[in-house]
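Input: a single structure, listed below in structure tokens.
Along the sequence shown, residues carry numbers from 1. Owing to the predicted nature of the structure, the values given are computational and were not obtained by experimental measurement.
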Amino acid sequence: MNENERVQQDYVQEIIDLLRSSEDIEKLQEKLEEYHANDIASALPLLEEDERKLLYNALENERLGEVMEYAEHGYLYLEEMSSERAAVILSEMEPDDAVDLLKEANPEKKTIWLSKMSLKDRNELQILAAYDESFIGSRMTTNFVFLDKRLNIREAMRSLIDQAAEHDNISKVYVVNEDGSYYGAVDLKELIIARKETNLDDITETGYPFVYADEKIEDCLERIKGYAENSIPVLGENSIILGVITAQDVLEVYDDEMGEDYARLGGLTAEEDLNEPLIDSVKKRLPWLVILLFLGLVVSTVVGLFETVVAQLTIIMAFQSLILDMSGNVGTQSLAVTIRVLMDERLTGKQKMSLVAKEMGVGGLNGLVIGLFSLVGIGAYLYFFKHQPAHIAIAISSCIGFSLMLSMVISSLVGTVTPIFFKKVGVDPAAASGPLITTINDLVGVVSYYGLTWILLLEILKISG
């Protein structure tokens, strides 16, 4: 545990002790203002229900809404409040965070909470909730400020102040045309230092980037990240600004995407957590395991085709796992690199071919080094410990070393080409590649090893025993 984690744990414990010892609600409220909302949210699971209710009473709605934005499974805590209070808290939250919370909540509770919200807030949340989670519109927030490009600086500042009462995301101000369509953006700093008589149009950055609400997250994530802006506008039909996606939103999207890819690489259909029911975890894992069972039978069948090779040279069985493990490791490395690179939607066909060539080169060079180590190490092992004649020990270790190099080159190729192919046909490469690569590489390793053993040792060198 690093120093920052220890400090945060101390803060969380201080909050817990404060709630369990304080009797004056006003002093409690004053003390809680000293802590970050994230630390308060971290304390929630460690409190008893009556202690949490004391906390709810001590915090104002706006502050409690901020805490709920950080809370994991925040809907559970809203259910401990009155429906009226829960509705108010949802209204105080960032709209995109409130929508995420509502999606996890009990449908009956969600309906009640929405019914007690103002029409404006309810419509805002329902618009965001209408977007599928794979689209960027599902991640945007409506917390932004916009100005008419026809205003001068004096008028723009007055409008900004009026909007800032409801929207605090003002570091970047967006500018719209007469018809409300997106025109550009301007930094708050530029707005502040500009002369009052200057027209807003004169200091607006018209080339400021934007995305569309119906773009898929995976298609524009790299583009958003490349601009490194605090927020980017999200446009709808007729280029009307529907919301913005902030740097924090991008970070959360990246975390979710990487978590999902990590889960899929392990053969799962989605991320799991400790609170997930047993049957749900089984449903996520079982489909891939069934597929891999049949693929494993294919590998076993191929191994069976080489029974005569094993019967004539039984010692080669001892090194089968070495070949399979190394080819699997190399294939997985190439797979991880390729999936990471494929996140860039601007990747050209030439760049993809270059990636394939590079990975094969890396696999080949690594295979050469590992093969030489195997030649020396396994040769010495067979000669000194298994008392094989020198020429047989060298022949077998050479075959193993060459098999390692060949299987590592092929596994690099498979680990790179497979996710590229799945991406091309519209299948998530992370979901389809992980467990499949392992089984394919087992097949590659088996065929390479036993095939070379049969050709080099039995047919050419006539070694048996």
Side-chain angles (χ1 to χ4, degrees), residues 4-106 108-118 120-122 124-125 128-129 141-144 163-171 246 248-249 251-252 275:
N4 289 336
E5 289 174 332
R6 279 195 292 269
V7 170
Q8 186 183 31
Q9 275 199 344
D10 290 341
Y11 287 153
V12 171
Q13 189 58 51
E14 286 176 13
I15 293 168
I16 294 172
D17 294 340
L18 185 63
L19 285 163
R20 290 175 178 171
S21 61
S22 180
E23 296 181 359
D24 190 325
I25 193 73
E26 291 184 1
K27 288 184 178 180
L28 177 60
Q29 183 176 11
E30 184 179 337
K31 285 286 187 182
L32 288 173
E33 287 297 323
E34 299 174 6
Y35 296 95
H36 194 280
N38 185 38
D39 295 326
I40 299 176
S42 299
L44 288 173
L46 306 176
L47 297 169
E48 300 295 334
E49 183 174 345
D50 59 334
E51 294 169 341
R52 286 196 295 269
K53 288 183 176 180
L54 175 61
L55 176 65
Y56 305 152
N57 292 332
L59 296 178
E60 295 181 352
N61 293 331
E62 183 178 354
R63 175 73 162 157
L64 188 51
E66 187 181 354
V67 171
M68 288 299 116
E69 291 174 6
Y70 288 99
E72 188 174 359
H73 305 301
Y75 66 94
L76 296 175
Y77 307 120
L78 288 185
E79 291 177 358
E80 295 176 342
M81 309 175 197
S82 67
S83 299
E84 290 76 12
R85 182 85 190 277
V88 172
I89 299 306
L90 286 167
S91 300
E92 293 290 346
M93 294 175 63
E94 288 288 339
D96 55 329
D97 291 324
V99 168
D100 290 340
L101 188 151
L102 286 169
K103 287 179 179 179
E104 296 180 323
N106 179 289
E108 293 182 6
K109 289 282 188 180
K110 178 169 64 176
T111 301
I112 295 173
W113 295 338
L114 287 172
S115 69
K116 296 184 179 297
M117 297 173 67
S118 68
K120 175 178 174 294
D121 291 334
R122 182 166 64 248
E124 189 174 323
L125 296 183
L128 292 180
T141 177
T142 54
N143 182 10
F144 69 97
Q163 294 182 63
E166 292 188 11
H167 304 289
D168 57 6
N169 184 19
I170 60 174
S171 60
T246 66
Q248 182 180 350
D249 294 326
L251 182 62
E252 290 174 357
N275 299 315

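- Arg63 and Ala37 get closest at one heavy-atom pair: NH1-N, 3.8 Å.
- Of all non-hydrogen atoms in Gly65 and Glu92, the two that sit nearest each other are CA-CB, 4.5 Å.
- Note that the CE atom of Met93 and the CG atom of Asp121 stand 12.5 Å from one another [nearest 0.5 Å].
- Once rounded to the nearest 0.5 Å, the distance linking CD1 of Ile40 with CD1 of Ile15 reads 5.0 Å.
- Distance check, rounded to the nearest 0.5 Å: NZ of Lys116 to OG of Ser91 gives 12.5 Å.
- Residues Arg122 and Ser115 come closest through the heavy atom pair NH1-O, 3.9 Å.
- Counting only distance, with no hydrogens or angles, the side chain of Arg52 and the backbone of Glu80 share no donor-acceptor pair below 3.5 Å.
- Contact check for Leu32 versus Leu55: side-chain heavy atoms found under the 4.5 Å cut-off.
- Counting heavy atoms from C-beta outward, Asn169 and Ser171 have side chains that approach closer than 4.5 Å.
- Taking 4.5 Å as the limit, every side-chain heavy atom of Glu30 sits out of range of all side-chain heavy atoms of Glu26.
- Put simply, CE on Met117 and CD on Glu124 are 8.5 Å apart, with the number rounded to the nearest 0.5 Å.
- Across every non-hydrogen atom of Ala41 and Val67, the tightest pair is CB-O, 3.6 Å.
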Checking side chain to side chain contact (heavy atoms under 4.5 Å, CB included) for the pair Met68/Leu44: CA distance, chi angles, key distance, verdict?
-> CA-CA 10 Å; Met68 288 299 116; Leu44 288 173; 3.8 Å; yes
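- Using a 4.5 Å heavy-atom cutoff, the side chains of Leu102 and Leu114 are in contact.
- Looking at Leu54 and Ile25, their side chains come closer than 4.5 Å, going by heavy atoms from C-beta outward.
- A heavy-atom distance below 4.5 Å is not found between the side chains of Tyr75 and Asn106.
- Atom NZ of Lys103 is surrounded by more than 12 heavy atoms from other residues, nucleotides or ligands within 6.0 Å.
- Distance check: Glu79 CD to His73 NE2 gives 12.5 Å after rounding to the nearest 0.5 Å.
- Smallest separation of non-hydrogen atoms from Arg85 and Glu60: NH2-C, 4.2 Å.
- Residue Glu62 places its CD atom among 12 or fewer non-hydrogen atoms of other residues, nucleotides or ligands, all under 6.0 Å distant.
- Close placement of the Tyr70 and His36 rings is indicated, their centers lying within 6.0 Å of each other.
- Atom CD of Glu34 has more than 12 heavy atoms from other residues, nucleotides or ligands within 6.0 Å.
- Between the side chains of Glu94 and Asn143, at least one donor-acceptor pair of N or O atoms lies under 3.5 Å.
- Leu18 contributes atom CG, which lies 11.5 Å from atom CD of Glu51 (distance to the nearest 0.5 angstrom).
- Residue Val12 comes nearest to Asp39 through the heavy atom pair CG2-O, 3.7 Å, listed as atom of the first residue, atom of the second, then distance.
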Side chain to side chain contact (heavy atoms under 4.5 Å, CB included) between Lys109 and Leu78, intermediate numbers included = CA-CA 9 Å; Lys109 289 282 188 180; Leu78 288 185; over 6 Å; no
